[in-house]
Asks: 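So that we are looking at the same thing, I have put the structure below in structure tokens.
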Amino acid sequence: MTFTDAAMDFDRYDRIRPIRWQGDHLALLDQRKLPFVVEDVACADSDAVARAIHDLVVRGAPAIGISAAWGAVLAGKGVQAANGAEALERLAPALDRLQAARPTAVNLMWALARIRRVMAAAGADWREVLEREARAIETEDLAANRRMGALGAALIAPGSGVLTHCNTGSLATAGFGTALGVIRAGVAGGRIARVYASETRPWLQGARLTAWELLQDGIPATLIADGAAAHLMKGGAVQWVIVGADRICANGDTANKIGTYSHAIAARHHGAKVMVVAPSSTVDMATPAGEGIEIEMRDPAELLSVAGTRTVAEGVQAWNPVFDVTPAGLIDAIVTEKGVVERPDAARMAALFGPGSAA
Ligand SMILES: CSC[C@H]1O[C@H](OP(=O)(O)O)[C@H](O)[C@@H]1O
């Protein structure tokens, strides 16, 4: 049975919604506390949303773009303006603070650019236009994830084992997930026989979030230490490494969670393939190659502790880049809702996304 025959049971595979617009505030599932505590943070203004993005209450490239769009709606609540251009002028500082919350995931900049574009052209109905655009950004992401699930699963031979890194599921998006959406579709369609998740030090998105999501779905998964990935692949258990992305450059170089590059090197050495799954909102055709991506450096304390409990001696230094760049030459397929780029390079990326423009 292939995934196309199995009607996706979205009631089973797509129930988690980390971002919920409530009309007067934005409810964000606090991902710092999962899986031990399931609790929301209520953001009543745009600066609360900016803090939530920076502090990883909400995280995942698409999810932070969607959250920032709703943050812009909250910023508009306190503004009196005759039209969108006037409102945009008043909103500019709040939008800049949202955009500065994290530097690597291009979805944050992409979502706010969409908001600024529609606001600049809006008339007296700018509040409705603003809320409509935020909702469109969210609903389009969910549709993209479901489409990518089908496109990505179609690349996977039945009986395959897959390894995923970090969290790219419903918690990182509007729902269903990017790489985890492909895994959901691949399992439902009988393509994927074994799922491995690497724990993803230091923030443990794999151990705490991906494992939790797959448990909710009833999908058996095996957690591994990040450092065990090459050893697992050496034994032939992994046919695909399936990951998300925070920014895909015009030549296909891809920034993703730290550790992705190591997995890709091991995959190439051991004959496994690498699939990057991300919506076109993650494609940045204005950045030619990976050297142009700002890699977020976070507080070393995140590396020196687990769940806030200090794990090493006082005074030890730590270096905490939270993304790395996998060169396009190590990627076998980039799956987006607009289509699949196999063996990505600048020409093949331009053929799907157009040269040098924002996707
Ligand atoms: C579909 S989520 C994309 C991406 O975001 C994650 O980073 P973080 O948890 O720091 O926001 C990770 O890199 C995922 O692959």
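Whatever order the structure lists them in is the order used to number ligands and atoms, beginning at 1. Nothing fancy with the numbering, it's 1 onward along the sequence.
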Asks: Output the set of protein residues with a heavy-atom contact under 4.0 Å to ligand 1, ordered first by chain identifier and then by residue number.
Replies: R59, G60, A61, P62, R102, C166, N167, T168, A172, T178, Q205, G244, A245, D246, N256, K257, F323
Asks: So, are R90 and E86 salt-bridged, with charged N and O less than 4.0 Å apart?
Replies: yes
Asks: Name each donor-acceptor pair under 3.5 Å that joins a side chain in residues 68-80 to protein atoms two or more places apart or in another chain, with its distance.
Replies:
from	atom 1	to	atom 2	distance (Å)
W70	NE1	E138	OE1	2.8
K77	NZ	G23	O	3.0

Asks: With a cut-off of 6.0 Å (strictly less than), are more than 12 heavy atoms of other residues, nucleotides or ligands near CD of E89?
Replies: no
Asks: For residues 234-253, which residue pairs qualify under salt bridge (charged side-chain N to carboxylate O under 4.0 Å, His left out), counting only residues two or more places apart or in two chains?
Replies: R247-D284
Asks: By the salt bridge (charged side-chain N to carboxylate O under 4.0 Å, His left out) test, which pairs, at least two apart or in different chains, include something from residues 40-58?
Replies: R20-D40, D47-R97
Asks: Are F10 and F176 an aromatic pair, judged by ring center distance below 6.0 Å?
Replies: yes
